[in-house]
Amino acid sequence: MRNFASPLVVKMGFYMPSKTNNARNKAHVNYIATRPGVVKEVEPAIEDMIDPSTAIGHVKYAHERPGSHGLFGPTEDTSLEEVKKELGGHKGMLWRMIVSLREDDACRLDMTSRRQWEQKMRVSIPDVADKMGIPLSNLRWCAAFHNEPGHPHVHLMIWEKDPKRSRGKLSQAERKEVRRVFAKEIYAEERLQLNREKTAERDLIQELIKNDIEQVVNLREELLEQRTEVNLELRMAGQGRRGIAPVVPVKLGRELLNELKELSLIMPAKGRIALKFMPEEVKGPVIALSDWLLSQPGVKIHVQRYLKAHEQLTKMHVLSPEKIEQARAKAYDDLKNRVSQVLLRSAAEVKESLNQAHFEHNIKSTSAPSVFTQTVFSSVFFTIQSEKDKAEAKSASMQRKQGEKKRKRQRGEREG
């Protein structure tokens, strides 16, 4: 059974009231709410005809919605400008915190989206304030989620509406209590699941130990085998846990955006958006674009891992170096075609929106290209990750089956 561990990081600092610190706090809240990598997660109006799950939908709404940013607080309608105004005239202490998880733990806990972090913060922060001696009626706070590869985290700012606390530094006991509050909420579901598993196994053992200890051991092994098999089947079906997509470099994002605009100009006006139905004058450029993107630093390493997984899977069937290389090339072509499909859909969105004035206006702004290309880049990353996961799961499943056959054969030989 998995042991519970808490690699949660909580960093804390405070700022004394002064004009200089007020200016710094205003700048800080603006930075955490608008910096590249902050998750805005805005929703489109009902009458909006563009799908918000598409790259263009994100670009359009994020720039049509006044004051769009990544800041959230106790309520849904947190205003960045109002928070900045309040902090500019604040007369008391302000505490800054960073609450962070390792990427693998965040994936396991399903803490890779703003929605989950926002919910956890809204539950935790009133208790955090209580540990700091701040009553709920006097509590003010705001936060922003940054989905950084390796360490997704939240930047948190806490202050009192009517300043009462004169000591900024938290005692060692207070710091431990604050961290304990965050850990208790963030790991709540995992703790519950672990407790359920422990209870189930305890009851099972108590029920069966009276009769046959070997039966108990065999049953536990069978349950673990079934759980592993289910996880492998989910991964083979492309339903494994998703990681965090790397942030697209600015230069690469600009180049990708220009290539997609060029591709959009030669795409058919009608018809199904699928690589196999595209005319040759479109297939060639989109496959070339896919090949270029897969060779870029930051992407290439994930492609190599994908190809390595396919190579290991192939070696379970064949030993010929030539056939292994052929399988590797086929796997790369398959991935290239899947990425080409992602790029075609993105180019189609560009084509659909090129005649809309807001798109041309927004795409020239500082942040719009990063929002659009990050969405495309993330789709490509998740495509590579999913295909790698499938190959690894298939390889692991086959190894398990071969091992089981070997064990059965050995048991038969012993019994014979």
Q) Between K388 and A309, what is the shortest heavy-atom contact and its length? A) O-CB, 4.1 Å
(Q) Once rounded to the nearest 0.5 Å, what's the spacing between atom SG of C142 and atom CG of L87? (A) 6.5 Å
Q. For E86 and W159, does a side-chain donor sit closer than 3.5 Å to a side-chain acceptor?
A. yes
Q) Which pairs pass salt bridge (charged side-chain N to carboxylate O under 4.0 Å, His left out) with one or both residues in residues 296-306, sequence neighbours excluded? A) none
Q. With a 4.5 Å heavy-atom cut-off, do P17 and H90 have their side chains touching?
A. no
Q. Which heavy-atom pair separates A348 from I273 by the least distance, and what is that distance?
A. CB-CD1, 3.4 Å
Q | Side-chain heavy atoms of W141 within contact of W95, under 4.5 Å | A | no
Q) Between M16 and N21, is any pair of side-chain heavy atoms under 4.5 Å apart? A) yes
(Q) Measuring from atom CD of E349 to atom CG of L344, what distance do you get when rounded to the nearest 0.5 angstrom? (A) 11.0 Å
Q: Compute whether any side-chain donor of one residue and acceptor of the other, for Y187 and D105, lie under 3.5 angstrom apart.
A: no
Q. Are side-chain N/O atoms of K164 and N138 paired as donor and acceptor at under 3.5 Å?
A. no
Q) Step by step, would you call L289 with L260 a side-chain contact (heavy atoms from CB on, under 4.5 Å)? A) CA-CA 9 Å; L289 178 58; L260 288 172; 4.1 Å; yes
Q: Indicate yes or no for a side-chain donor-acceptor contact from S290 to the backbone of V286 under 3.5 Å, with no hydrogens or angles considered.
A: no
Q) Hey, what's the ring geometry for Y31 with H28, parallel, tilted or perpendicular (30° and 60° as the breaks)? A) tilted
**Q.** Distance-minimising heavy-atom pair for L335 and E387
**A.** CD1-CG, 4.4 Å
(Q) Taking R114's backbone N and O only, do any of them form a donor-acceptor pair with N147's side chain (distance below 3.5 Å, no angle check)? (A) no
Q: Evaluate the side-chain proximity of V99 to V9: yes if any heavy-atom separation is below 4.5 Å, no if none is.
A: no
(Q) One thing to verify: whether E103 and R108 come together as a salt bridge, which I'm taking to mean a side-chain N less than 4.0 angstrom from a carboxylate O. (A) no
Q: Run the salt-bridge test on R35 and E148 with the 4.0 Å N-O cut-off and return the result as yes or no.
A: yes
Q | Flag side-chain contact, heavy atom, 4.5 Å: I158 against I134 | A | yes
Q | Check against side-chain contact (heavy atoms from CB on, under 4.5 Å), V178 and M12 | A | CA-CA 10 Å; V178 166; M12 310 173 204; 3.7 Å; yes
Q | NZ/NE/NH1/NH2 to OD/OE distance under 4.0 Å, R180 and E177 | A | yes
Q: For the residue pair L94 and N22, establish whether any side-chain heavy-atom pair is separated by less than 4.5 Å.
A: no
Q: Taking all heavy atoms of V282 and all of I266, pick out the closest pair and write down the distance.
A: CG2-O, 3.3 Å
(Q) Quick check against the 3.5 Å criterion: does R179 have a side-chain atom that pairs as donor or acceptor with the backbone of L8? (A) yes
Q | Passing candidate, ring-ring contact (aromatic ring centres under 6.0 Å, His included) with H302, options F382, F377, F381 | A | F381
Q: Could you tell me how the ring of W117 sits relative to the ring of F145: parallel (under 30°), tilted (30 to 60°) or perpendicular (over 60°)?
A: parallel
(Q) Just checking H310 against Y306, ring centres under 6.0 Å apart? (A) yes
Q: Hey, could you give me the CD/CD distance between E311 and E325, rounded to the nearest 0.5 Å?
A: 7.5 Å
Q: Heavy atoms only: give me the nearest P152-A106 pair and the separation to one decimal.
A: CG-CB, 3.5 Å
Q.
If we ignore hydrogens and angles and just use 3.5 Å, is the side chain of E174 paired with the main-chain N or O of S171 as donor and acceptor?
A. yes
Q: Scan side-chain atoms only and decide if N25 and R96 contain a donor-acceptor pair under the 3.5 Å cut-off.
A: yes
**Q.** Atom pair CG/NZ of D162 and K91 - distance to nearest 0.5 Å
**A.** 13.0 Å
Q. Under 3.5 Å, is there a donor-acceptor pair between the side chain of N30 and the main chain of K84?
A. no
(Q) Run the side-chain contact (heavy atoms from CB on, under 4.5 Å) test on R328 and T314 for me, step by step, so that the C-alpha distance in whole Å, both residues' side-chain angles and the decisive distance to 0.1 Å come before the verdict. (A) CA-CA 8 Å; R328 184 183 174 94; T314 304; over 6 Å; no
(Q) If the threshold is 4.0 Å, N to carboxylate O, is there a salt bridge linking K336 and D334? (A) no
Q. Between L156 and F182, is any pair of side-chain heavy atoms under 4.5 Å apart?
A. yes
(Q) Distance to the ring centre below 6.0 angstrom and angle to the axis at most 45 degrees; does that hold for R24 and Y15? (A) no
Q) Between the main-chain N or O of R254 and the side-chain N or O of N258, is there a donor-acceptor pair closer than 3.5 Å? A) yes
Expected list for residues 121-131: side-chain donor-acceptor pairs under 3.5 angstrom, two or more places apart:
| unit_1 | atom_1 | unit_2 | atom_2 | d |
| --- | --- | --- | --- | --- |
| R122 | NE | G73 | O | 2.7 |
| R122 | NE | P74 | O | 3.4 |
| R122 | NH1 | E76 | OE2 | 3.4 |
| R122 | NH1 | E118 | OE2 | 2.8 |
| R122 | NH2 | G73 | O | 3.1 |
| R122 | NH2 | T75 | O | 3.0 |
| R122 | NH2 | E118 | OE2 | 2.7 |
| S124 | OG | K120 | O | 2.8 |

Q) Taking C-beta and beyond as the side chain, do L294 and I384 meet within less than 4.5 Å on heavy atoms? A) yes
**Q.** Exceeds 12 heavy-atom contacts within 6.0 angstrom, atom CZ of R167
**A.** yes
Q.
Show the nearest heavy-atom pair for residues Q341 and L275, with the distance to one decimal.
A. OE1-N, 3.0 Å
(Q) Can you tell me how far apart NZ (K323) and NZ (K330) are? Round to the nearest 0.5 Å. (A) 14.5 Å
Q. Hey, what do you get for CE (M97) to CE (M157), rounding to the nearest 0.5 Å?
A. 11.5 Å
Q) Yes or no on side-chain contact (heavy atoms from CB on, under 4.5 Å) for I287 and N337, after CA distance, side-chain angles and deciding distance? A) CA-CA 7 Å; I287 291 176; N337 289 341; 4.3 Å; yes
Q.
If the threshold is 4.0 Å, N to carboxylate O, is there a salt bridge linking E160 and R165?
A. no
Q.
For the backbone of V181 and the side chain of E185, can you confirm whether one donor and one acceptor N or O come within less than 3.5 Å of each other?
A. no
